[in-house]
Each structure stands twice: as C-alpha cells, then as structure tokens.
Undergrad: 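Submitted below is the structure of interest, expressed as structure tokens.
Numbers restart at 1 for each chain; the letters A, B, ... are given by sequence-line order, proteins then strands. Here the structure is a predicted model, which is why all the values come from computation and not from measurement.
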Amino acid sequence: MNYVIIGNGVAGVTAAEAIRQIDARGQITMISDESHPPYCRPMISNLLEGAVDVSRLPIRGPDFYDRLSITPTLGSRVTSLDVNARTVTTKGGQIFAYDRLLIAAGADPRPLDAQGLDLGGIFFMRNIAQVQEMIAALADTRHALVLGGGLVGFKAAYSLLKRNIGVTMLIRSGYPLSMQVDETAGEMIQQVLCDHGLTVRTGISVTAFEGGGRVQTAHLSDGSQVPCDMAIIGKGVFPAHGFVPTDRIDTDAGILVDDHMATSAPGIYAAGDVAEHIDIARQKRWVNAIWPEAAAQGRVAGFNMAGRALAYRGSLSRNVIRMFDTDVMTAGRVSPRDTDETCRFFSAADHRRQTYRKLVFEDQILVGFVMINQIEQGGVLASLIQSRTPVKISAHHLLDPGFNVSRLFDR
Amino acid sequence: MTHHHTYTITKDGQLLIKKMESDQVETVWDRHAAQQPQCGFCDLGLSCRICAMGPCRVDPFGEGPQQGVCGADADIIVARNLCRMIAAGAAAHSDHGRDLVEVLASVAENKAPGYAITDTEKLNRVAAEYGIAADGKTPEQVAGELAHAMQEDFGTRKKELALVARAPEKRQQLWRKLNIMPRGIDRETSEAMHRTHMGVDNGWQSLLLHGLRNALSDGWGGSMIATEVSDILFGTPKPAPTKVNAGVLKADQVNVVVHGHNPVVSEMVMAACQDPEMTKLAEEKGAKGINLCGLCCTGNELLMRHGIPMAGNHLMTELIIATGAIEMMIVDYQCIMPALSKVAACYHTKMISTSDKARFPGMEHVEFHPDNARKKAYDVVKAAIENFANRGETYIPVEPLDAVGGFSVEAVVGALGGTPAPLLDAIKAGKIRGAAGIVGCNNPKIKHDYGHVTLTKRLIENDILVVDTGCAAVATAKAGFKVADAISHAGPGLKEVCGSLGIPPVLHFGSCVDNVRILVLAASLANALGTDISDLPLAGAAPEWYSEKAVSIGAYVVASGIYTVLGPMPPIAGSMNVVELLTEGLGEVVGATFAVEPDPEKAALLIRGHIENQRRKLGLDAAAV
Amino acid sequence: MKQVIVHPERCVGCMQCMLACAAAHSKTGALISAISESPRPRPRIHVGAGRYDEGFPNRCRHCDPAPCQMACLPGAIYRQTTTNTVLINPDVCINCASCAMACPYGVIRYHADPLAPADKTIAVKCDNCIARQHKGLIPACVEVCKVGALTFEEMDAAMKKKTDQVARSMSAEAIAADHAPGFSLLNTIKRAQKEINLSR
C-alpha cells in the first residue's frame, strides 16, 4: 500500500503514526511546504514571546521519519491533485502516486487588502520561519501594529507586550477574541491587555503602509496615522485546498469529510485545518482549525486509511489562553454570533476571586462556556459538551467555585 | 455567586451579602463552602485528639481501625467527644454567670462605679432561695451575702446547687436517683474533663449521664445565676417595644453596636451612649446623635431590659459591618467570629474587644473590669464619635420592623394576674395546645433564619405558644412575629388568648443564658399542676444550632424533661448506640429524648405530635397530627 | 499490575489522602517538615465536595489513550508503560493549560512544585507514587485511607469483588445490610439540609 500525506503538521504526524500501528510495511510519503521537522504550531507564539527557543518546538524526535520509515519531501508545496490518475504534483513538478491520500495541508493566513504590503517589517504569523524573521526584526522595533483581534492577533500582541514592545491592536469588532468569547469576557481580556500597555482601536482598518524599505507608518480608514516599525496581519486563516479539484471532491469552506475522515473521492481523506466535519456544539458542518482536533482527526484518518474502521465524533471549538495573571478558557458556542433565542445562559462573576463563568445551554445540553480564571475544571465542562449528556442538575453547581466532577454523579 | 436566597431568607441579609460580594469581602458562607467536604470522621464524632498516643479515628465502614490506640471504640470516642462539647458549653455559660456574680460582689463592696442593685425585690427573693434573710440589711449587704453563696455554687462544698430547688420535687428525686444531681458548677465541668481523659470513664452510658449532670449544672446553675444576677443588677425585663433588623442603624447618627453576651459591658456602653454630654459631642461632630444597637445575645440583654434596637443575629454580624454605617463594634465574648475584624478593616468600623479572656486579631483591646467599666465605656464611645468623621458611603438596605421584647417569667406571670393558672387553663381547654421553646444559633449549614421562622410559623398556626431566646428570638422578631398583630398568624385558640392579653404569639424570653427562664416557667407550670416537667405538653427546638453552648442547653433541657428537636446533626452518628440512647433510650431515663430533623416543616410535625401525645397522657383532648 | 481504585461511596471527606499526597511529593517527605518547604508541596489528589457536600477523592485515571497527552502542546505528557502511568515532564511543560481543557476529570493543577525546576509553574498531577512504588511502598493516598475509599489492587480482583457484591445484593434472600448506618444517617441529614437550602 502506498500512502501519501500532504502536510507534516500534527494531523499528518498522527495519521502517519496510526498507519504504522496497523501497517508496518506500506510505503508512506509526507510532503510539506515547510522544511522544519514536525513542530507544534501553537507554540510559535511562545517562541515570539521568548518563553521557549526553537529547539523546543518539534513534537517528535529527530528520528521521526526514519523510525516510522517515512519518506519526507520537505519545502515543496502540492499544487495539483489528479483524482483519476491518483497522483499529486508539487510546485517543483514532482509527481507522487498514491493508493491512499491524506490531505492535511493546513490553512493559509488570510491576506490583507492594503497598499504598501511589500515593505519590510510586515508579517503573517503562521509558521516558524515567519516568527524567526519577526524575532530578527525585534531589535529595531519600538512599536508594533497588530491587525485583528482574533487568536493570532491576540497571541502576537501578548508576545510583543511581554517583550516590552508597545502594541496597537486594530479590531473590526468591539472587543478581542469576539469569535471565542462573549462581550463580558472580551472586555475583561481587553482590560488585562490594556493594563499591560496595549492600545486597542475598534471598528477601524489599515488602508496603506508607508516607509523607506521598512514600514514606518500605517494609514488608517478614519484618515489617521499610526507610527509602527512592525505590523502583524492576523485576519484569520482559510483552508489550504486551492489545489483540490472541487468538481471531483466536495468542498465547502473546507474539504468535506465523513465520520471516517474520507472525502467524496475514493481513497482520499482529509484531516486538520483543511477538513470540514461536524461541530458538536453547533450540530452542523464546521471547520474547527485547532490543534487538538487536528491531532484527533489525523489519528482517525490514519486508522481508516490503513483499514481499521474508526469513527470521529465531531469537533469542538475550544481554546485556553493564559495572559499575565489571567486565564481564559472557552469552548463551543459562546460568542453572540453563535447563540440565539433557543439558548439559555447562566453566568456568575465573582469579583473577589476575579472569576467569571458563563454557560450556554440548549435545552439540557451544554453547548458552550467561557471561564475567566479558576479554569482547572474546564475539561469537565468541555467533556459535557462533547458527550452531549443532558445536564439534569442545577446550573448553580456548574457555576459554583467548588464545582468538580463529583457534582455530576448522584450518590 | 449570586445565590443569596440559598444563604438567608432575610431581605437585609441578602442585600448585604450582595454588597459584600461587590465589595469583595469574604463571608461566613464563602468560608463554609471552602471547607467542603467537611471531615466525615469529625462529623461522625469518630476522631479523637484527646491524647498523644493519637490522634485516632474509627472507620465507620468496619474494615479499618475500630479502636483508638488506647482501645476506645466508636461508642466511647463519640461519648467522650460529646461530653467534652457539653463541658465547653456549660463552662462558657457558667463563666459568664461567674462574671456577673463578681460584679454583684463588687457592687456590694461599692467597688463597681456605675453598677447598682436595680431590682431589690428580686435580690431579696433570690437571696431567700439561698437561705439569706434580707431583714434589716442594706441591699448591698444582701448582695454581698448572695454573691458569696453563689460562689459556693461554683465550688465543691455543696451536695446540690441551690437553684435546683426550683425544679419539681419529682424531677429532683429523679436526678438524685440517677446520680446526676449537679453538685458544683465548676466541679461538673472539671469532672467531665477528668472523666474524658484517657483511661478514666470508658462507659459510654456513664459518660453521657455525667454529660447530663454537667449540663444541669449549667441550666440550673451557671446560666440561671447569670440571668438572675443580671436581673438584679440591671432590672427584671418587662414588655417594651423595640425595632429590629439592619434598618435599625441610622444614616445620620453615630452607630455603636455591642456584640457578645455579657450585659456587664453593654450596660455601661449604653449608659455612656445615653449621656447628654456624649450626645452633645456627637452633634459637634456633625451627627444627629448616638444610636446604640445590639447584636446577638448582649443585644438581647439590652433589648429585654431597655428596648435597645437589635441589628441582627449570629450570621448577620459580619454583614452588618458592610453597611459602612457602624462607627464602632464593641465585643465581649462568645460567638464573635474572628473574621469580623477583617470585614471591619474593609470599612471604617472600629472594633473593640473588652474581655480579658477574649482577644481577637485586628481589634483594639480596651479591657473592662467592674471597677473601670464606666470610664472605659466613655472612652470607647468618645472614640466612636471621633470615628464618625471617617465614615464613607453607607448602605442601610431596609427599614426596621417593630417588635416587643421583655418577657421575663415575672412579666408573663404578672400579665396573667400573678399566677400561671390562666395559662394552664388555656392549655387544659385546648385553646393553647402547649408551648415550645425555640432556641439556639444560626449555622451556615441551614439557610439563615429559615429553620427558626418556619418552625415558629407552623407551631403558632397550630395553637402552640412559642417562647424563644438568643438568635432564634432575633430571627422571629425580624420575621414580624413579635408584635401583637402577629396573632393573625396564630391559630384561633392562641389568637384568642394572646389577643385578650395584648401579647404576641411568640414571646421574647431573652438571651441564650435566659433559656433558664423557660426552665423556671416550665417548673412553675409543673409545680402548679403537682406533676413533673416531663408530663407537660412542652417541647424544645434548636433548628439552627452551632455552638457547644447549644449542646449543653439541649442536654439540660432534655435532662429537665423536655423533648427537644435539633436541626443540625450533632457529631454522634458514628455510634448508633449513642444515637439510640439520645433519641430513644433517654425517654425511659429522664422522660424526654432528642430528635434530629433538619427540615423545620417536619420538625413542626414532630413537635405537634409530641405535644398532642403529652396532652393525651394528661387526659386532655388530643388531636391527631 | 496493581492500580489505585477509588470507591467514592466510602469517602468520608477527611482529606487525609491530600495531606499524605502532598507530603509524599515534598522534598523532605514528612508532613511536619513539608509544610514549611518552599514551594510548599501540594496534593495531587483532590477531595471535592459533591452535590450534597459529600466527599469525593478525585485523582488522575491515567486514561488510555490519555486526552491530556494528546492535547499537550510541547509533548511533556507521556505514558510510562511499565507502570501504566501518565506522567508530565516538568522540564518540557510550558504551563499552557491545554491539558486542563482536555482532562474530563479536572485533576490537573498548575503551580510550582518541589520536585520541578525552581520557580517554574507547571502542570502537576498524580504520578501513582512511582517513586514510593520503587521502594516497595504503596501509593501514599491509599496508605492513609482508613475507610477503604482508596485501595491498591489488581483491577481484575477489584472487578471480581464488585461483581460478587452486586450479585449478593441481587439474591432473593439478601437483606440490604447497611454496614455504616451512622454514616448513612449523617448523609441523609446533610442531603436534606442542602436540598432545603437550595429550594426557594
């Protein structure tokens, strides 16, 4: 059996490991446009922050490819897929035939529409190489502009603040992380960042960058200017499936997959940020481009590719963020755009403990929560969402500071 | 957390908890939650820290250790622990009583400026009970002799305490027969500590019997002396109107709050607060006057005798500070949470401790003794007035309610025309089915005031007269049961009787030491009928008890023949032998038992059933419950 | 292989296991000295309060596959197959709390630990007392539990015991014997109190 895996992110890695658990002899080829060995993408912000050095990012030992007898093809991006011929072709013209193909190509950052993007000091933050370039530029950086208040923008801003660099964040919506949290939590998060020197401007965007070689000024949509010697574009990502023939493989926002992570084309599977399965909390098709789901999907895809049927239960959007002394955990449907009149809300703010908790229910099913501080029991709530177990006890128990898993049992 | 209704039924309590949350100040409910789960060994009474071979505990499931290092089994360990709780409670009440006797002795020697003999009639009456003739003596001479005689009650030279003679003859004989007649107040406590020492009394039954004797030394000894001497020194209570709840604080006055138990301090503070010179000083500082309010039992002492307004009971003591309206809280001893000064530190309230035996972190200590109390009282009240300038925003969340206090036995019998006969007639006629004493504390395990108020409501609805004391009395006052109009909540018979006398259906009998007023009334009813207390249609209840004092009270009430229902479970469930003895076996021993029932609705049914049963046994009409 | 098995119905909430656990994971190894260590050792077993404030000894189940291990960003969480124990490498942990999000039992805490690099806040959880087991000792929490809420036994044997117990209780002659009537009484009262407090 000839397996080809596009992408060496965590989905690709866990898929390869799953395949090898079952099929010791099949040939595995991994193709990636990144030349680094498999590393932990979420940790690039820790790298930018200076909390870890680059040697800490790899998720597997240096012998990963050898140990699993994988043929890696690195630094080369797949540009086309021939479903009939069962081949993929790279930018460099290399052609790989497959019996089973996994598309784990990840996602690409959404570009910005503004003038002067060719200036130095303007970055995306998606991979190690980009962060290493940013770090190299830090010595000459006084003030950074972060475009977007989503996860990437937020992490970039936090990392730079930790390096004592002044940061201005431009957010289209009213508060940071508006996709992940409700307004109350968003404002608490913004307050923490502002207390540590962040400047936030909402409802505004960049029209042009200006500078001599390197960016010096950003012109904003309200006609004002901001001096900056670094700009980070954090306008979200989109699934990297440009090479996929959409007439042969069903796609929506991402590549559609069934419970076995199989696409509509025979022998072709997809996993990770590029794949679109069911969101458990929303109960509809959704791309949840997060690390733990990529790892889980890759594993399921790998087993199925190697012949062991294994079903994936659906994904749950979730994030945990630590910033200064404040922790934020969020899962499922919390933001106003994800909730409607069918939802019931329960929340509690405890000023003394500096905590906030909000739970979102649909009937008796927990579908979302956000916690600020005291997040240790968040995994219990997340597993309640994932299991869709009706919650028959008072929401008071779940909001209580003493909440623990035993509250779910009736003895 | 915004679940204030699970903490308290009171409006002022709920609003102040909310304020403390937004002020980020911890409350007793937060600390109680942080303690969960509480240790099951301790809750079952199965842990023993008495000696250094230990600490030990017994596995209630029977697989792990079944004996302490010394060999004490569950029955012994539970009985020893309970006996020590009684000893501590009896010690607290009795030491309080001793302090009053010392003031009485100082007054006799003219060494207690500010204090005086207020009720000479009572002085002479009590002196006569001690065999002291008043003829031709000055009140001070009588007081001196009485103080000395009472001090003998604390010692070891007597075979029986003097005031047990107030109990019906049958009851006294029973105590002698059971060998639980209290001999000396301190002796019984001391012996309890001796018996519970490793290697002394290891009979769980004999330990419990001594516990009853120790409790009787409190009820018919230390506490009774405390009440009687307080009446002698400060006046025997008479019904008088007052106001209750957090709304008694005044936004435009210097608010001084007394908290604790002993009127020795609060009476002097009251005198200072009522001095026109002090009022003038307060006015100079921009206040409209000085408003003295009480908390807990020292508040009850002032309420009973002088109609001083009552700001709240045990679980209100932290919350009340959050009003930001209290210039000074003056405490003596018992039930004063050490957390109070932490709360006070968040506001401008000055905290003053006054007793040489009760220190608190973060409080200024101004020690009151009989010889200097008046001067010290003026000093602290002046400091309170000075503190008015430091006041920030105030939040007084409710308007106060009316209440009537002051029902001493003398006042009740006086209102009945000098004899308890009319009350007995009403009971015989079935208009009043019986009477219940509702006593005890608050406990965060029980929704604040819910137990007291619910039980009281159900009993008066069913024509049972309620007399109450301590935190229970404050709870029902705040619920509006202590005004004459509250007969609208009473059943038809009780309504008719109370209506004709113009009294509430729930009578405020005083502080927690004043539970002895209930004993005295019960004894006089039994004596009037020529029977024993255990034959009467009476019951006791402590729906929200928490303290060791309450354990002693419960034990002396039961040992005096009154069936008693507790709300929280005492730490005895580790020994079913002890549980069975207290809830069943004691009936055959002292004619009364304990029951435990956390639900006041069900407790009301237990009490009604008991009272109807007692009526049946007396040959009176009895209803089914 | 012997494992720690939790019998929650027996927990009396005394928290002895928490003390013993903290002491077992201290530098000095003894309670008396451990309480004055810096950083202060903390328990890795957590006695939580249930719905009626009954005790519940909550500890790592060492799940397989372990959700925390799969969620760990830097790969600090691993399984020691010889003891079937999920462990956290304190040198690799970056304190990101991704494992908090993954753990369905809520047993992971974040703090400095006497056995980790100094001044580093890391994820900490039960390690099955493997250091004690190497010395022939049983896990500290089990050693101090006097009510049988925590036992250390072969899973098969424990399952058999449980099955026998269920079978006995289902037999026609079996009288439902309450081995700790006092504890049942206490729990009944605690439950009644809590229900009254929660009702409006």
Undergrad: Is there a side-chain contact between C145(C) and V147(C) in this structure, where contact means two heavy atoms from C-beta onward sitting under 4.5 Å apart?
TA: yes
Undergrad: Any non-hydrogen side-chain atom of I438(B) less than 4.5 Å from a side-chain atom of T476(B)?
TA: no
Undergrad: Identify which part of L185(C) has an atom lying under 4.5 Å from any heavy atom of chain B, answering side chain, backbone, both or neither.
TA: side chain
Undergrad: Would you mind reporting whether V47(C) and C17(C) have side-chain heavy atoms less than 4.5 Å apart?
TA: yes
Undergrad: Within a strict 4.5 Å, meaning less than it, do heavy atoms of the V124(C) and I88(C) side chains meet?
TA: no
Undergrad: Considering distance alone, list the donor-acceptor pairs between chain B and chain C shorter than 3.5 Å.
TA:
{"from": "G40(B)", "atom 1": "N", "to": "V12(C)", "atom 2": "O", "distance (Å)": "2.5"}
{"from": "E63(B)", "atom 1": "OE2", "to": "R10(C)", "atom 2": "NH1", "distance (Å)": "3.4"}
{"from": "E63(B)", "atom 1": "OE2", "to": "R10(C)", "atom 2": "NH2", "distance (Å)": "3.3"}
{"from": "K445(B)", "atom 1": "O", "to": "N197(C)", "atom 2": "ND2", "distance (Å)": "2.6"}
{"from": "K447(B)", "atom 1": "N", "to": "N197(C)", "atom 2": "OD1", "distance (Å)": "2.8"}
{"from": "K447(B)", "atom 1": "NZ", "to": "N197(C)", "atom 2": "O", "distance (Å)": "3.3"}
{"from": "K447(B)", "atom 1": "NZ", "to": "S199(C)", "atom 2": "O", "distance (Å)": "2.5"}

Undergrad: Counting heavy-atom pairs under 4.5 Å to chain C, which of G567(B), A573(B), G64(B) comes out on top?
TA: A573(B)
Undergrad: Is the number of heavy atoms from other residues, nucleotides or ligands under 6.0 Å of M155(C) CE greater than 12?
TA: no
Undergrad: Among the options P571(B), P65(B), G451(B), pick out the one with the most heavy-atom pairs lying under 4.5 Å from chain C.
TA: P65(B)
Undergrad: For M576(B), which atoms come within 4.5 Å of any heavy atom of chain C: side chain, backbone, both, or neither?
TA: side chain
Undergrad: Do V596(B) and V565(B) come within less than 4.5 Å of each other through their side chains, counting heavy atoms only?
TA: no
Undergrad: I'd like to check L87(C) versus I77(C) (side-chain heavy atoms, cut-off strictly below 4.5 Å). Are they in contact?
TA: no
Undergrad: With under 30° as parallel and over 60° as perpendicular, where do the rings of H489(B) and F481(B) fit, or are they tilted in between?
TA: perpendicular
Undergrad: Side chain, backbone, both or neither: which part of P570(B) has an atom under 4.5 Å from a heavy atom of chain C?
TA: neither
